[in-house]
Amino acid sequence: MGNRATIEIKDDSGYESACYIYLHWCGDPEQVTEMVTLAAPVMRRTDSSYATARLIGMYHDAIEGGLSLGVTDFKDEWDNGHYIVDMSKGTIENEGEVIACNIKFGEF
């Protein structure tokens, strides 16, 4: 019931943010790749917490209403599983498979 997923952000040092993004309706690979690519220029490559906040902001602006977007302290295997955005590699992985590469994140 939904198109759910969680997203984890890792920075240059391999540090992951303290929370994960939860999506109820926008969690398929194409949608996640599109949103991460749009947000990438403002996602600080060296700081996963800042980068996570910027990606949440992009989702917040794109998803109308008060549902379908959350922040959680656990990752779960929902309909579309768990994504790992690795800013040091410029990749998005889902279920251990790279689904997007050569993403350019913010250098500031």
When you compare the side chain of [Y] with that of [X], does any pair of heavy atoms fall below 4.5 Å?
X	Y	value
V85	I92	yes
I84	K10	yes
F105	V36	yes
L23	L69	yes
T6	E8	no
I9	Y50	no

Do [X] and [Y] share a hydrophobic cluster (ILVMFWY, side-chain heavy atoms under 4.5 Å, transitive)?
X	Y	result
Y59	W25	no
I56	Y15	no
M43	Y22	no
V32	V71	yes

Within a reach of under 6.0 Å around [atom1] of [X], are more than 12 heavy atoms found that belong to other residues, nucleotides or ligands?
X	atom1	result
K75	NZ	yes
R54	CZ	no
E95	CD	yes

Practice task
To the nearest 0.5 Å, tell me how far I7 CD1 sits from T72 OG1.
Solution key: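 Between I7 CD1 and T72 OG1, I get 12.5 Å after rounding to 0.5 Å.
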
Problem - Rounded distance (nearest 0.5 Å) linking atom CD of Q31 with atom CG of N3 - result: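 Answer for the CD-CG pair, Q31 versus N3, is 5.5 Å.
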
For [X] against [Y], the heavy-atom pair lying closest together:
X	Y	value
C101	V98	CB-CG1, 4.3 Å
Y20	H82	CD2-CE1, 4.0 Å
S17	S48	N-OG, 3.2 Å
Y83	G27	OH-O, 2.6 Å
D12	S88	OD1-CA, 3.5 Å

Mark yes or no for whether [X], through its side chain, and [Y], through its backbone, hold a donor-acceptor pair below 3.5 Å.
X	Y	answer
D86	T91	no
N94	N80	yes
R44	G106	no
R45	M87	yes

